[in-house]
Amino acid sequence: MVEIPVGKLKDVFDLLMERICAGEQVLEIDTEAFWSVPRDQAYDVYGEPRDLTIGMLSESWGHLEDMLSDPDRVVGHGFVWLSEVLRAIGDEAAS
């Protein structure tokens with residue numbers, strides 16, 4: 001089990017956002033589609049994923065924007081959509 005203190009997670013996120021905000025005001029991601037691994041297979045490191053699907057970055061971002069426009073639409077799955085967007089940002093920044 002990994003324990004992640006929420007306050008420290010927020011601090012890390014704030015630190016990373018400060019770094020991004022010091023640069024461009026709009027992030028451009030060159031890729032749109034990505035492999036999406038079902039939750040039950042993503043953490044099974046001894047088995048090879050079987051049911052890969054294709055996710056769309058614009059769709060994940062759209063869901064997050066919907067939550068901004070209507071806070072009643074905030075759902076736990078928002079963290080999954082956010083992780084997909086953050087992964088693309090991290091991959092773009094690392095290249």
**Student:** Which value, rounded to the nearest 0.5 Å, describes the distance between His77 atom NE2 and His63 atom NE2?
**Tutor:**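 NE2 of His63 is found 7.5 Å from NE2 of His77.
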**Student:** Are Val2 and Leu9 connected in a single hydrophobic cluster, I mean Ile/Leu/Val/Met/Phe/Trp/Tyr linked by side-chain heavy atoms less than 4.5 Å apart?
**Tutor:**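 In one cluster with Leu9: Val2, yes.
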**Student:** If you group Ile, Leu, Val, Met, Phe, Trp and Tyr by side-chain heavy-atom gaps below 4.5 Å, do Trp61 and Val74 land in one group?
**Tutor:**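 Yes.
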**Student:** So, for Thr31 and Leu57, which heavy atoms are closest and what is the spacing to 0.1 Å?
**Tutor:**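 Where Thr31 meets Leu57 most closely, the heavy atoms are O-CD2, 3.7 Å.
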**Student:** Got a second to check how far Ser36's OG is from Glu59's CD, nearest 0.5 Å?
**Tutor:**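 Result: 9.5 Å between the selected atoms.
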**Student:** Where the side chain of Gln41 meets the backbone of Asp51, is there a donor-acceptor pair that is under 3.5 Å apart?
**Tutor:**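 Side chain of Gln41 to backbone of Asp51: a pair is present.
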**Student:** Applying side-chain contact (heavy atoms from CB on, under 4.5 Å) to Asp30 and Glu92, what does each step give before you reach the verdict?
**Tutor:** CA-CA 8 Å; Asp30 290 331; Glu92 190 78 17; 3.1 Å; yes
**Student:** What do the steps show when you test Phe34 against Ile54 for side-chain contact (heavy atoms from CB on, under 4.5 Å), and what is the final call?
**Tutor:** CA-CA 6 Å; Phe34 59 89; Ile54 296 175; over 6 Å; no
**Student:** Give, for atom CG of Leu86 and atom CZ of Phe79, the distance between the pair rounded to the nearest 0.5 Å.
**Tutor:**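 Rounded to the nearest 0.5 Å, the CG-CZ separation comes out at 11.0 Å.
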**Student:** To the nearest 0.5 angstrom, please state how far the CG atom of Leu15 sits from the CZ atom of Arg19.
**Tutor:**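 It is 7.0 Å, given to the nearest 0.5 Å.
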**Student:** Quick one: closest heavy-atom pair of Ser60 and Val85, and the distance?
**Tutor:**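 Looks like CB-CG2, 4.2 Å.
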**Student:** Which atom names give the shortest non-hydrogen contact between Val75 and Trp81, and what distance separates them?
**Tutor:**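 Scanning both residues, the minimum pair turns out to be CG2-CZ3, 3.8 Å.
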**Student:** Check the pair Ile89, Ile20 against side-chain contact (heavy atoms from CB on, under 4.5 Å), reporting the backbone distance first and the verdict last.
**Tutor:** CA-CA 10 Å; Ile89 291 170; Ile20 286 176; 4.0 Å; yes
**Student:** State, to 0.1 Å, how close Pro5 and Glu3 come at their nearest heavy-atom pair, and which atoms those are.
**Tutor:**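 Taking Pro5 first and Glu3 second, the nearest heavy atoms are CD-O, 3.7 Å.
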**Student:** What's the spacing between Leu64 CG and Ser69 OG if we round to 0.5 Å?
**Tutor:**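 Reported to 0.5 Å precision, the distance equals 11.0 Å.
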**Student:** Group every Ile, Leu, Val, Met, Phe, Trp and Tyr by side-chain heavy-atom contacts under 4.5 Å, then state whether Leu16 and Leu27 land in the same group.
**Tutor:**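 No, because Leu16 and Leu27 fall into different hydrophobic clusters, even though each may have its own neighbours under 4.5 Å.
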**Student:** Please enumerate all residues that pass salt bridge (charged side-chain N to carboxylate O under 4.0 Å, His left out) together with Asp66, with sequence neighbours excluded.
**Tutor:**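 Listed in chain order: Arg73.
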**Student:** If you measure from CE on Met67 to CG on Leu82, what distance do you get to the nearest 0.5 Å?
**Tutor:**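 CG of Leu82 is found 7.5 Å from CE of Met67.
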